[in-house]
Amino acid sequence: MAKDRAKRHKITKGTLAMLIVLAVFVFILLLMLILRTNQAVCEFICRHFVNAYQAVAGRFFSVTSVNIFEVLVTLAILFALACIVFAIILFRKNKEIASRRVMLALLMVCFGIANLYTFSAGFAYNRDPAPVEIYQGEISKELAFNSFVTLIDDLNASYAQIGQYNEDGSVVCPYTEKQLNEKIRQAVDETLTDDFYYDYTPKAKPVISSGIMTLNSIAGITFLPTCEPGYNKDMLTVDRVHTITHEFAHSKGVMREYEANLVGAYVLLKSDNAYLKYCGYIYAIGYIKELVKYDETYFDNIKAYPVADGFLQDQINIFNWWMTQPSLGDIGNFFNDLYLKINGQQDGTGSYEETPGTDEIIIGGEDGEPDIYIEIITEYTNMHRMLVSLANNLNQ
């Protein structure tokens, strides 16, 4: 019996080899986690090594329109379950060595995936700021107001230029899904030309299990190991466009969420395509209105320069669509928040937007009306500054 016990606890050559490989994987992961705390190292690795990986892997996985990420997730879940069940069966049959090897194989796969993801995505979370044209000077009230008027005019012109509308005035997308994705991809290539961005632009892919994404209030997901910008195909098209562009930004090396939103809006609003620009305004309209949120004239300015009724209807349709979808509550938000914090984004899901400087003023009510408390903008974000820069270009 003692011999049998010793035999069961003996580390065979095969098990030893697996332990060594696992130890190497753990060491590599720890090394990368340490290295990614240095911004200069992250920038160097992304520009040279991840960029090269993206060029090869991106082309390989773009061959098929199937979202390989979904396939791999399904296989990973099945593999993990099979390993656990198989290990338990072997253990109960007193085949402890074989059982340990199965679990070691599972751990090796887990750490291998963690290494690949940390390499392809983790370093990009600590890169330099993404280069986007923003206004660098002081934004006076006059400049903010003129920018606001220019952008509202351009928004309404884009709406009129599309020329195809539903009965409620909302716009009709003039492209098929495939054509639209390619239009966005072309806009990304034409706009993001700085060396900061990865050379290869992969193809956006719809997520087949979009119903699960909707249940968790998820609009898009990009898996960097396969270089696939994925999106919820069930969303309204006019709402989907900025999501796709946001995911493209991730695939080009912009991982911080607020910067991906900034880059996504920048690409769309710089486009000469009326529909893409219009969808950019669908996302950016809140920021545009904030440009004139500097004193009590805010409400008067908003009323004096209205957007097209059809634009408002598109906003209503988007809101109603999300509100009428079944939901699993905050489960998706919880895991996304946890993921972002693990990757150094201390604000978690709050990192999707930059926080402007604000102050509160009181507008006295008239004729017995209650006072109005309004939170004004005292310090503009990069999104606001990008919009001011865009307005300046439109006025030239």
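These numbers were taken from a predicted model, which means no experiment stands behind them. What you see below is based on every heavy atom in this structure, not just the backbone, and it leaves out hydrogens, waters and symmetry mates.
Side-chain N/O atoms of N317 and Q313 include a donor and acceptor closer than 3.5 Å. For the 3.5 Å distance criterion, the side chains of H384 and T381 qualify, holding a donor opposite an acceptor. A side-chain donor-acceptor contact under 3.5 Å links H246 and H250. Checking D168 against S170 by side-chain atom types alone, a donor-acceptor pair falls below 3.5 Å. Between the side chains of N382 and Y258, no donor-acceptor pair of N or O atoms lies under 3.5 Å.
Listed for the S62 side chain is no donor-acceptor partner under 3.5 Å among the backbone atoms of P202. Within the 3.5 Å criterion, the main-chain N or O of S65 finds no donor-acceptor partner in the side chain of K205. R385 places no side-chain N or O within 3.5 Å of a backbone atom of I134 that could act as its donor or acceptor partner.
Under the 4.5 Å side-chain heavy-atom criterion for Ile, Leu, Val, Met, Phe, Trp and Tyr, I212 and F223 are members of distinct hydrophobic clusters.
Ring centroid separation for the pair F145 and Y305 comes in under the 6.0 Å cut-off.
Within a 6.0 Å radius of CG in D195, other residues, nucleotides and ligands contribute 12 heavy atoms or fewer. With a 6.0 Å radius and a threshold of 12 heavy atoms from other residues, nucleotides or ligands, D272 has its CG atom at or below the threshold. With a 6.0 Å radius and a threshold of 12 heavy atoms from other residues, nucleotides or ligands, Q164 has its CD atom above the threshold. In the displayed structure, E138 atom CD is contacted under 6.0 Å by at most 12 heavy atoms of other residues, nucleotides or ligands. Around CD of Q179, the count of heavy atoms belonging to other residues, nucleotides or ligands within 6.0 Å exceeds 12. In F79, the CZ atom is crowded: over 12 heavy atoms of neighbouring residues, nucleotides or ligands sit closer than 6.0 Å. Counting non-hydrogen atoms of neighbouring residues, nucleotides and ligands closer than 6.0 angstrom, the OH atom of Y175 exceeds 12 such neighbours. Applying the 6.0 Å contact sphere to CG of D309 captures no more than 12 heavy atoms from other residues, nucleotides or ligands.
Under the 6.0 Å distance and 45° angle rule, R127 counts as a cation-pi partner of F196.
When each of N181, T222, T243 is paired with Y231, the side-chain hydrogen bond (donor to acceptor under 3.5 Å, both in side chains) condition holds for N181 and for no other.
Applying the side-chain hydrogen bond (donor to acceptor under 3.5 Å, both in side chains) rule to E70 yields the partners S209; only residues at least two apart in sequence or on another chain are considered.
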